[in-house]
Every structure is written in C-alpha cells, then in structure tokens.
Amino acid sequence: MNSVGKPGTGASGGKQGLEVARVAGSIGAQVRGLRLSGELDAATVAALRASLLEHKVLFFRDQQHLDDAAQEAFAAHFGELQKHPMVAAAGGSAALLELTEGYSASVWHTDLTFVTEPSAFAILRPVELPPCGGDTLWANAAAAYQRLPAPLRVLADELWAIHATDFDFDGNFSDAYKAKMKNYGANTAKHVDQVEHPVVHVHPETGERSLILGSWVKRFVGLNNAESAKIFEILQSYITMPENTVRWHWQLGDVAMWDNRATQHRAVPDYGDAPRVLRRATVLGSVPVAIDGRGSHRRVA
C-alpha cells in the first residue's frame, strides 16, 4: 500500500493521511482515509489528481454521506461540470446523469466521444443496488496502446474514427429509457452528431498516447464499414483483454472516479430485473489532439 505524498506513488501533498492501494495489475486503486463531502484543500485535490492520472480509476468506500450536491461539489474540484447533451440532469441536480430504467451501458465505451470535447473525468456513485451482480469494468486505453505490436501502432497512429450518437442505440437502451430521453427532447432516431477523433491521442496532462475507441465508433475515416469492423475488433481487443482491466463490486457508499481520456468502461448486466441506480458527474475535457498535432473536429456532412 502506498501513502499519498511518498516518492514514487504518482501523487504528492495531501494532509489527510490518504492511503492508495492498487487493486489490479494494470489499472485501478482504492483510496482510504478521505471523506469526499465538504471542502478539500488544494494539496489533497492535487494528490488525488496525480493518483488518478497514474492509476486511471480510483475507488472510495464508506462515502454514504455523499448526496447529489456533495457529489457535484467534489467533481467541481477537478474542473467545469459537463451536462449530458441529450439527457436532462437527474432531479434537483445541476448536471448529474442517472443510470437506470433500462440504460445498462453494457458495452465498452468512453463517455461522450460523440462530442468534440469528451469528458475529462467522471465520478459515479450507486443510489440503489441489486442484491447481486451489477459490477462495473474499466480498461486502461493507454496501456492498451503500449501493448500493440509495432505494425499495429503504425496503423493506429494514422487512423481517425467517426464517432456518432446513433451507434447501436437499440442494443443499449430499453424502450422505456428511449421514451424518457425523447421526453427530455432527445430524438434517438434523428439526433445524430458525428465527430472525427484520432484513434491515438496525446493525453493533455500525462503526455501518454492512448486509444480513443469504444461503442460510439461508427467507422474509420477512409474505410468502409466492413473494413472498419475488422480493424476495430483487433484494436479494441487490446483494450479489453482481461489483464488490462479491473472489475469493481459495488457497495452502497462506494464512489468510483476515472480518467475518461485514458479508459473505457462497461456495466455487467447480470442482475435481472432488480433495481440498479447510479448517478454520474462528469468534468468537461478538452479537444483530443493526435500525435501530429491535429485536433478532433465535428464532421461535415
């Protein structure tokens, strides 16, 4: 176990005796000794940010005191809150997305890659959990890039992908949830945004090269659907290989925070009809930049 503030832990400062313990070989760490509600001093926020950049996802237990307002206040320590572009904020909150009513997010994805500025960070907490099942998986997209054989890195470095809001909605949203979204003013059949992102981007804080893929990808620029599907499957497989992932078994009072710029995640829909309700806050990110310096952009039809 590492204590935040000791050399070599990837974090510095911190005045609350934080302890950071890795929970998987390639990604994920649990933080102990910190109450997330209330004011956090600058040194603690800096230590958390550094640890998050190192481990990609952080887990906190025993945060039952955290409510919607406190969750948003915690997220705001790391940047500007980002509202979901298609779904209204959960009741009474400024920008929280509620994950429930058939929205399982049970495919690998990076949040909001169908916009030019995907989220930088996300903070997720359960409100209601099934008696069993309902875990969440995260994968390290930066480590995945390093795992690519040299010829595949050359290919990935040159590729750009089209990300769109119409990708597999039918497969990931129940009729009830699609109806709810339409009530909020989102038309899942007609509301289609398309953005071109580099498949490999340079992380704005760490300088690491990381893959931007996941379920919002429609195809690669310059390739047809069939060609894209084959290459996507190969590259995506390096992200989701078991040794590149961490699986978290939720308890009430847990909080997970991840670097959306270097990860993918998915829920495990193995809980039948039992209720599973979580709320997510996201922090606005920046335009991804390819290794040649070009930035992501909205696609012109």
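Only this structure's heavy atoms are used, side chains among them; waters, hydrogens and symmetry mates stay out.
Side-chain rings of Tyr271 and Trp250 stay apart, their centers remaining 6.0 Å or farther from each other. For His55 and Trp138, the gap between ring centers reaches or exceeds 6.0 Å.
Between the side chain of Arg209 and the backbone N or O of Val202 there is no donor-acceptor pair closer than 3.5 Å. Asn140 places a side-chain N or O within 3.5 Å of a backbone atom of Ser26 that can act as its donor or acceptor partner. In terms of modelled atom types and a separation under 3.5 Å, the side chain of Gln194 and the main chain of Ile162 share no donor-acceptor contact. In this structure, His197 contributes its side chain and His163 its backbone to no donor-acceptor pair below 3.5 Å. In this structure, the side chain of Ser296 does not engage the main chain of Val287 through any donor-acceptor pair within 3.5 Å. Between the side chain of Arg49 and the main chain of Leu52, no donor-acceptor pair closer than 3.5 Å is present.
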Criterion side-chain contact (heavy atoms from CB on, under 4.5 Å) on Asn224 and Arg219, from CA distance to verdict: CA-CA 7 Å; Asn224 63 33; Arg219 64 177 175 83; over 6 Å; no
CA sep, side-chain torsions, deciding dist, call: Val221, Leu159, side-chain contact (heavy atoms from CB on, under 4.5 Å): CA-CA 7 Å; Val221 175; Leu159 283 175; over 6 Å; no
Step-by-step side-chain contact (heavy atoms from CB on, under 4.5 Å) determination, Val255 to Leu124: CA-CA 6 Å; Val255 172; Leu124 185 66; over 6 Å; no
Test log, rule side-chain contact (heavy atoms from CB on, under 4.5 Å), inputs Arg153 and Gln146: CA-CA 8 Å; Arg153 283 196 202 177; Gln146 293 300 324; 3.4 Å; yes
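We find the CG-CD distance between Leu129 and Gln251 to be 9.0 Å, quoted to the nearest 0.5 Å. Taking CG of Asp62 as the start and CZ of Arg35 as the end, the distance is 11.0 Å to the nearest 0.5 Å. Note that the OG atom of Ser93 and the CZ atom of Arg279 stand 6.0 Å from one another [nearest 0.5 Å]. To the nearest 0.5 Å, atoms NE2 (His84) and CZ (Arg280) are separated by 6.0 Å. Considering CZ of Arg294 and CD1 of Ile291, their distance stands at 9.5 Å, rounded to 0.5 Å. How far CZ of Arg299 is from CH2 of Trp160: 12.0 Å, rounded to the nearest 0.5 Å.
Taking the charged nitrogens against the carboxylate oxygens, Arg125 and Asp68 do have a contact shorter than 4.0 Å, which makes a salt bridge.
Between Leu48 and Leu34 there is a side-chain heavy-atom pair separated by less than 4.5 Å. In this structure, the side chains of His203 and Asp259 come closer than 4.5 Å at one or more pairs of heavy atoms. Taking the side chain as every heavy atom from C-beta outward, Arg266 and Thr240 never approach each other to under 4.5 Å. Within the 4.5 Å cutoff, the side chain of Leu66 has no heavy atoms near those of the Phe60 side chain. Residues Leu211 and Val199 form a side-chain contact, since some pair of their non-hydrogen atoms from C-beta on lies under 4.5 Å apart.
Figure legend: cation-pi geometry between Arg261 and Phe121, with NZ or CZ positioned under 6.0 Å from the six-membered ring centre and within 45° of its axis.
Val217 approaches Ala161 most closely through the heavy-atom pair CG1-CB, 4.1 Å. Contact record, Gly28 with Phe59: CA-CE1, 4.3 Å, taken as the closest heavy-atom pair.
There is a path of hydrophobic side-chain contacts, each under 4.5 Å, that joins Tyr145 to Ile231. There is a path of hydrophobic side-chain contacts, each under 4.5 Å, that joins Val45 to Leu58. Hydrophobic clustering (ILVMFWY, side-chain heavy atoms < 4.5 Å, transitive): Leu97 and Val277 are in distinct clusters.
Between His265 and the choices Thr136, Asn260, Asp111, the side-chain hydrogen bond (donor to acceptor under 3.5 Å, both in side chains) rule is met once, by Asp111.
For the residue pair Asp254/His249, the side-chain donor-acceptor check at 3.5 Å is not satisfied. A donor atom on one side chain and an acceptor atom on the other are not found under 3.5 Å apart for Gln82 and Glu117.
The environment of CD in Gln63 is crowded: more than 12 heavy-atom neighbours from other residues, nucleotides or ligands sit within 6.0 Å. The 12-atom threshold is not exceeded at CD of Glu80, counting heavy atoms of other residues, nucleotides or ligands nearer than 6.0 Å.
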